[in-house]
Amino acid sequence: MTSQKIETGHQDVVRYEAMDYYGKRVATASSDHSNKITGEGNPNEWTQAHVFNDHKSSVNSVAWTPHELGLCLACGSSDGNISVFTARLDGGWDTSRINQAYPVDVTSVSWAPSTAPGALVDSGLLDPVQKLCSGGCDNNVKVWKLYNGTWKMDCFPALQMHTDWVCDVAWARNLGLPKSTIASASQDGKVIIWTVAKEGDQWEGKVLNDFKTPVWGFSCPLPGNILAVADGNNSVTLWKEAVDGEWQQVTTVEP
């Protein structure tokens, strides 16, 4: 596979990028207060498809929704707001917003799996869910759910265990099981695993590890029980969840 350079047209630092499920669109977040979508038309030819200028400060994070829910993009900004853009059939975009999700910076956003928790074991049909989690400057992780077209907090209180800014969040795939899992990374050096046994229960947090240095981010690939953590020592560690729910380090990727 050859590398490609994609010109985004941003006027300042690109802070985050995310590719959609089909590999045909790249969303970027920038310090120039905008986020943009660049699409691949002909093979290896990428052109700007849409520009969003809905934020008044740096856009720090973007995330595509699971493809089963259509084409939706969530964006977190230093203006404290989260915006969600949903593509229409006519080529336009509808916008919904979580105003003042945080006092200032929204540092990260991550979508929940589209499969409703418990769908694998429930005898009835469960509708897909639209949920996302976020991290920000108040040290908290927050969970949001779309109710009748309006985004509302879905956990009370917010998930509070970090003692410094939350740098990244990732919602693990649940594959239709009742349990939901979120991982959060912070400048306090800790990664916390948040779990809820079933819909409606209280979230519980457990420290995965204290890295003694800021943890900037991670990824949570399929099937959802593996976590790759990047920390301030320029190292990447891989963690795996055992059948008893405990997480263990399985390897280190040296810089």
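One-based numbering along the sequence shown.
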Who else is in the cluster with [X] when I, L, V, M, F, W and Y are joined by side-chain contacts under 4.5 Å?
{"X": "W165", "answer": "none"}
{"X": "Y22", "answer": "Y21"}
{"X": "I192", "answer": "V141, V143, L159, M161, V166, V169, W171, I182, W194, V196, W203, V207"}

Pair S77-D79, side chain to side chain donor-acceptor pair (under 3.5 Å): steps then yes or no
CA-CA 5 Å; S77 170; D79 61 14; 3.1 Å; yes
Residues [X] and [Y]: side-chain donor-acceptor under 3.5 angstrom:
{"X": "S184", "Y": "H162", "value": "yes"}
{"X": "Y16", "Y": "T28", "value": "no"}
{"X": "N60", "Y": "S58", "value": "yes"}
{"X": "H55", "Y": "S34", "value": "no"}

Before giving the answer on side chain to side chain contact (heavy atoms under 4.5 Å, CB included), spell out for W216 and D231 the whole-Å C-alpha distance, their side-chain angles and the decisive distance to 0.1 Å.
CA-CA 6 Å; W216 302 120; D231 63 47; over 6 Å; no
So, for [X] and [Y], which heavy atoms are closest and what is the spacing to 0.1 Å?
{"X": "A63", "Y": "S110", "result": "CB-CA, 4.5 Å"}
{"X": "W111", "Y": "K131", "result": "CE3-O, 3.3 Å"}
{"X": "P113", "Y": "A172", "result": "CG-O, 3.3 Å"}
{"X": "A101", "Y": "K142", "result": "O-NZ, 2.6 Å"}
{"X": "V215", "Y": "C167", "result": "O-CB, 3.5 Å"}
{"X": "D168", "Y": "G217", "result": "OD2-CA, 3.3 Å"}

Got a sec, which pairs hit salt bridge (Lys or Arg N to Asp or Glu O under 4.0 Å) with one end in residues 50-65, sequence neighbours left out?
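Applying salt bridge (Lys or Arg N to Asp or Glu O under 4.0 Å) to every pair that reaches into residues 50-65, excluding sequence neighbours, yields D54-R97.
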Which pairs count as salt bridge (Lys or Arg N to Asp or Glu O under 4.0 Å) when at least one residue sits in residues 8-22, sequence neighbours excluded?
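Checked against salt bridge (Lys or Arg N to Asp or Glu O under 4.0 Å) - neighbours excluded - the pairs reaching residues 8-22 are D20-R25.
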Any side-chain heavy-atom pair from [X] and [Y] closer than 4.5 angstrom?
{"X": "S96", "Y": "F85", "answer": "no"}
{"X": "W144", "Y": "D154", "answer": "no"}
{"X": "P214", "Y": "S186", "answer": "no"}
{"X": "I193", "Y": "L227", "answer": "yes"}
{"X": "V59", "Y": "S30", "answer": "no"}
{"X": "K240", "Y": "N225", "answer": "yes"}
{"X": "N35", "Y": "N53", "answer": "no"}
{"X": "W239", "Y": "N209", "answer": "yes"}

Determine, stepwise, if the pair C72 / Q130 fulfils side chain to side chain contact (heavy atoms under 4.5 Å, CB included).
CA-CA 10 Å; C72 299; Q130 279 193 274; 4.2 Å; yes
With a sphere of 6.0 Å drawn around CG of N148, does it hold more than 12 non-hydrogen atoms of other residues, nucleotides or ligands?
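For N148, atom CG is not crowded (no more than 12 foreign heavy atoms under 6.0 Å).
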Who are the side chain to side chain contact (heavy atoms under 4.5 Å, CB included) partners of [X], not counting sequence neighbours?
{"X": "F156", "value": "M153"}
{"X": "E68", "value": "P66, S114"}
{"X": "K206", "value": "E246"}

Check for me, please, whether L71 and L69 land in the same ILVMFWY cluster - side-chain distances under 4.5 Å, paths through other members count.
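They do not share one cluster, since no chain of ILVMFWY contacts under 4.5 Å joins L71 to L69.
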According to ring-ring contact (aromatic ring centres under 6.0 Å, His included), who are the partners of W64, at least two apart in sequence or on a separate chain?
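Residues passing ring-ring contact (aromatic ring centres under 6.0 Å, His included) with W64: none at all.
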Using the ring-ring contact (aromatic ring centres under 6.0 Å, His included) criterion, which residues pair with H50? Sequence neighbours excluded.
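Once residues adjacent in sequence are excluded, the partners of H50 under the ring-ring contact (aromatic ring centres under 6.0 Å, His included) criterion are F52, W93.
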Just do the side chain to side chain contact (heavy atoms under 4.5 Å, CB included) check on L238 and Q249 with the steps written out, would you?
CA-CA 6 Å; L238 297 182; Q249 183 179 339; over 6 Å; no
What distance do [X] atom [atom1] and [Y] atom [atom2] have between them, rounded to the nearest 0.5 Å?
{"X": "L132", "Y": "I82", "atom1": "CG", "atom2": "CD1", "result": "6.0 Å"}
{"X": "H33", "Y": "Q11", "atom1": "NE2", "atom2": "CD", "result": "12.0 Å"}
{"X": "L73", "Y": "T95", "atom1": "CG", "atom2": "OG1", "result": "10.5 Å"}
{"X": "W151", "Y": "I98", "atom1": "CH2", "atom2": "CD1", "result": "6.0 Å"}

Can you tell me which residue among E204, E241, E199 is in a salt bridge (Lys or Arg N to Asp or Glu O under 4.0 Å) with K179?
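Between K179 and the candidates, salt bridge (Lys or Arg N to Asp or Glu O under 4.0 Å) is satisfied uniquely by E241.
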Ignoring hydrogens and angles, tell me if any N or O in the side chain of Y102 forms a donor-acceptor pair with the backbone of T107 under 3.5 Å.
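Checked: no pair found.
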Between the side chain of N233 and the main-chain N/O of S235, is any donor-acceptor distance below 3.5 Å?
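No; judged by distance alone, with no hydrogens or angles, the pair does not exist.
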What residues form a salt bridge (charged side-chain N to carboxylate O under 4.0 Å, His left out) with K36, not counting sequence neighbours?
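Expected list: none.
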With sequence neighbours excluded, tell me which residues meet salt bridge (charged side-chain N to carboxylate O under 4.0 Å, His left out) with D188.
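Here no residue qualifies.
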Given V109 and S61, is the side chain to side chain contact (heavy atoms under 4.5 Å, CB included) satisfied, shown in steps?
CA-CA 6 Å; V109 289; S61 180; 3.6 Å; yes
